[in-house]
Amino acid sequence: MAYWLMKSEPDEVSIDDALAAPNQTVPWFGVRNYQARNFMRDGMQVGDGVLFYHSSCPEPGIAGLAEVASAAYPDDTQFDPNSHYYDAKSKREEPRWLMVDVKAVRKTRLLSLAQLRTIPELDDMVVLQKGSRLSITPVTPAQWKTLQALLK
DNA sequence: GCCAACGTTGGC
DNA sequence: GCCAACGTTGGC
């Protein structure tokens, strides 16, 4: 069992959108970073815990809890010339980009980035490191436990 | 809108 | 393989 933080722009897919989706599950399309892809491909397992993070919005922070609901599989948007996520260099026989399904568990109070930075136990969280931009980052069991207590 | 930080591309 | 130039992310 592993834990992850996954960023989503609420204008695109918010925790409310995910909760309203069929089976509270959304495909996590649009990841175009190799490190993040590799986390999905090599690190994630069905049932892993997910912190649903809202980014690029007025108040960025953790907005909900979710879980990994599928293994990694090809992200079809890479083959769609009309998609913002189209990648002309990716071939169907050898898809470059993958996604997983994410099932929303519940909405939480918004634990803002500013608040997260004040919690000493979370100092080492990857997402809080200077210059961190990765849209998917690992979370340690200790960090997860701390956050669960805060988000009860 | 600004800009720091990081990732990717491509010439050499 | 180096590295400059460019593109993107994302907080502010």
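Just so we're on the same page: letters track the sequence lines, and every chain starts at 1.
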Checklist outcome for this item: With sugar-phosphate taken as primed atoms, P, OP1 and OP2 and all else as base, the protein-contact string of nucleotides 1-6 of chain B at under 4.0 Å (heavy atoms; B, S, -) is ----BB

Next on the checklist: Do Arg32(A) and Thr77(A) pair up side chain to side chain, a donor and an acceptor below 3.5 Å, judged on atom types alone?
Outcome noted: yes

Next on the checklist: Among dT9(B), dG11(C), dT8(B), which nucleotide has an atom closest to any side-chain atom of Tyr34(A)?
Outcome noted: dT8(B)

Item to check | Distance in angstrom units between Leu128(A) CG and dG10(C) C1', rounded | outcome: 14 Å

Next on the checklist: Base, sugar-phosphate or nothing for Gln35(A)? Non-hydrogen atoms, less than 4.0 Å.
Outcome noted: sugar-phosphate

Checklist entry - In whole angstrom, what separates Ile136(A)'s CD1 from dG10(C)'s C1'? => result 16 Å

Next on the checklist: Just to be sure I understand the geometry, which residues of residues 72-82 of chain A put a non-hydrogen atom under 4.0 Å away from DNA chain C?
Outcome noted: none

Checklist entry - Which whole-number value in Å describes the distance from Arg32(A) CZ to dT8(C) P? => result 13 Å

Item to check | ring pair (Phe, Tyr, Trp, His ring centres under 6.0 Å) evaluation trace for Trp97(A) with Phe79(A) | outcome: CA-CA 10 Å; Trp97(A) 304 113; Phe79(A) 304 120; over 10 Å; no

Checklist entry - What integer distance in Å separates Gln129(A):CD from dG11(C):P? => result 15 Å

Item to check | Per Asn33(A) side chain, nearest of listed nucleotides dG7(B), dT9(B), dG11(C) | outcome: dG7(B)

Checklist entry - Parallel under 30°, tilted from 30 to 60°, perpendicular over 60°: which one fits the rings of Phe29(A) and Tyr85(A)? => result perpendicular

Next on the checklist: Is a donor from one side chain sitting under 3.5 angstrom from an acceptor on the other, for Ser112(A) and Gln115(A)?
Outcome noted: yes

Checklist entry - How far does CZ of Arg37(A) sit from CG of Asp42(A), to the nearest 0.5 angstrom? => result 8.0 Å

Item to check | Check: Trp28(A) ring centre within less than 6.0 Å of Phe39(A) ring centre | outcome: no

Next on the checklist: Salt bridge or not between Arg117(A) and Asp123(A)? Use side-chain N to carboxylate O under 4.0 Å.
Outcome noted: no

Checklist entry - So, is Tyr53(A) near the phosphate of dG11(C), with a side-chain N or O under 4.0 Å from OP1 or OP2? => result yes

Next on the checklist: What is the separation between atom CE on Met6(A) and atom P on dG10(C), rounded to the nearest whole Å?
Outcome noted: 13 Å

Checklist entry - Met125(A) CE to dG11(C) C1': how many Å, rounded? => result 16 Å

Checklist entry - Expressed in angstrom and rounded to an integer, what is the separation of Glu59(A) atom CD from dC12(C) atom C1'? => result 13 Å

Item to check | Spacing of Ile62(A) atom CD1 relative to dG11(C) atom P, expressed in whole Å | outcome: 12 Å

Checklist entry - Would you say Gln143(A) and Tyr3(A) make side-chain contact, with heavy atoms under 4.5 Å? => result no

Item to check | Modelled atom types, side-chain donor and acceptor of Ser55(A) and Glu9(A), under 3.5 Å | outcome: no

